[in-house]
Amino acid sequence: YLGVDGKVANYYEYKVVGNFGSATTLDEAFVNFNWFKPMQFQFGQFKTPMSLEERTSSRFTNFMERSFVNNSSITTGKEQGAMVHGNVTDWMGYGVAVVTGLGQNVDGTNAANDNNQYIGHIDANFAKPLGYKNQVMHIGLNSSYWDADEANTGAFESAQTTLGKGSKFFKLSANGADQLVKQTWGLEGAYAYDNFKVQSEYAVTEFDTGAQTQDLSAWYADAGWLISGENYSKAYKTSNMGGKFDRIKPGKNFDPKTFSGGAWEVVAGLSGFDATDFTSTTAGYKVTTGVNEATAWRTGLNFIPQENTRIMLNYQDTDYEGGTFASEKGEQTLMMRVQFDF
């Protein structure tokens, strides 16, 4: 992806990003009115504040793939709408957004039941006011509410490394339901001390069609160790819509002549997904493609020669249960990425 961003007259920030893959699409396009740090106003297509993992750029996530928490049934990603956000203090951030709920590059239809989705997030890094240096004590809460027209929402689905490129491990479709109230609650946390870090999230979404209520939940727990000695707290940022981990800067850049320097990181994690509620044939939602449960454990080794370059090697083992997968109930995946951002 490539884009441009900048600031005009000190207070008006803009960003336009395009994805240039198999199809060219608009990724983000927004303007932000930064009149007051504690209360800023953003309009356009942008990343919503739900989930610590979602707010973290894919350039800096613990693993190449995001967890089961990061799927369209639970976490709202990039949307069209408006948002109020800011830093209450230098250790607390928040965001409240009103969006279409229909995803990127999909306009609202203005139908009578085409209601907006409401999203809220707040978090704090308590290590800062407590005076704990070289530490991060991050706690955050996420919520969304959407009284939607089922005909406009379509299916909810999520991609993971399964059954080949473009496949979905999970697809949830309406089964006789003609209305939907979708509400999500999420809790996120992270603790870092020097070169060690643990990070976790849990979220549950309730689908209420009037005829019945069904719950879907997901979670992950990750741990990281910078074996070269860098400090995770230096990579943590209190952004203007919530805290997140940013780039890791090596204590010394890699020197190919002496074969020394660079940052080395070992990561490990577990992630789970539970949609066992979605087997009913009454007027509700049902898993039409994929599985009802999934559990994945993963590990990785990351090498950061200098702050704009990262080489990643990940291994993931995933087990699937229930649903429509007739033969393949598990997979083992070895992935590698070499990235450079500027």
Below 4.0 angstrom, N of the basic side chain to O of the carboxylate: do Lys78 and Asp27 qualify? yes
Indicate, with yes or no, if the rings of Tyr236 and Phe245 have centres closer together than 6.0 Å. yes
Trace of the side-chain contact (heavy atoms from CB on, under 4.5 Å) decision for Glu206 with Gln214: CA-CA 6 Å; Glu206 178 185 271; Gln214 300 160 289; over 6 Å; no
Passing candidate, side-chain contact (heavy atoms from CB on, under 4.5 Å) with Thr205, options Asn71, Leu172, Ile74: Ile74
Flag the pair Phe340 / Phe342 as yes when at least one side-chain heavy-atom distance between them is below 4.5 Å, and no otherwise. yes
Working note: Arg298 + Asp222, criterion salt bridge (charged side-chain N to carboxylate O under 4.0 Å, His left out); need CA distance, chi angles, decisive distance, verdict. CA-CA 9 Å; Arg298 50 193 181 169; Asp222 294 343; 3.8 Å; yes
Heavy-atom neighbours of Phe254 CZ exceed 12 at 6.0 Å: yes
Kindly give the heavy-atom pair with the smallest separation between Thr276 and Asp274, and that separation in Å. OG1-OD1, 2.8 Å
Which atoms form the tightest heavy-atom contact between Arg247 and Ala235, and what is the distance? O-CB, 3.5 Å
For residues 126-136, dump all side-chain donor-acceptor pairs below 3.5 Å to protein atoms at least two apart in sequence or in another chain.
unit_1, atom_1, unit_2, atom_2, d
Lys128, NZ, Asp90, OD2, 3.4
Asn134, OD1, Asn231, ND2, 3.2
Gln135, OE1, Tyr191, OH, 2.8

Can a salt bridge be assigned to the pair Lys182 and Asp147 using a cut-off of 4.0 Å between side-chain N and carboxylate O? no
Heavy-atom closest pair (Ala82 atom, Phe43 atom, distance to 0.1 Å) is CB-CD2, 3.8 Å
Give the minimum heavy-atom separation between Glu53 and Glu201, together with the two atoms involved. N-OE2, 2.9 Å
Contact between Phe41 and Met39 at the side-chain level, heavy atoms closer than 4.5 Å - yes or no? yes
Check ion pair Asp123-Arg55 (N to O, under 4.0 angstrom): yes
Here the gap from Met64 atom CE to Arg310 atom CZ, rounded to the nearest 0.5 Å, amounts to 9.5 Å
Minimum heavy-atom distance Asn115-Trp146, with the two atoms named: O-NE1, 3.0 Å
With a 4.0 Å cut-off, would you call Asp246 and Lys237 a salt bridge? no
Measure the CE-CD distance between Met241 and Gln42 for me, rounded to the nearest 0.5 Å. 7.0 Å
Can you check whether Ile304 reaches Glu307 side chain to side chain, under 4.5 Å on heavy atoms? no
Which heavy atom of Glu54 sits nearest to which heavy atom of Lys47, and what is that distance? O-NZ, 2.9 Å
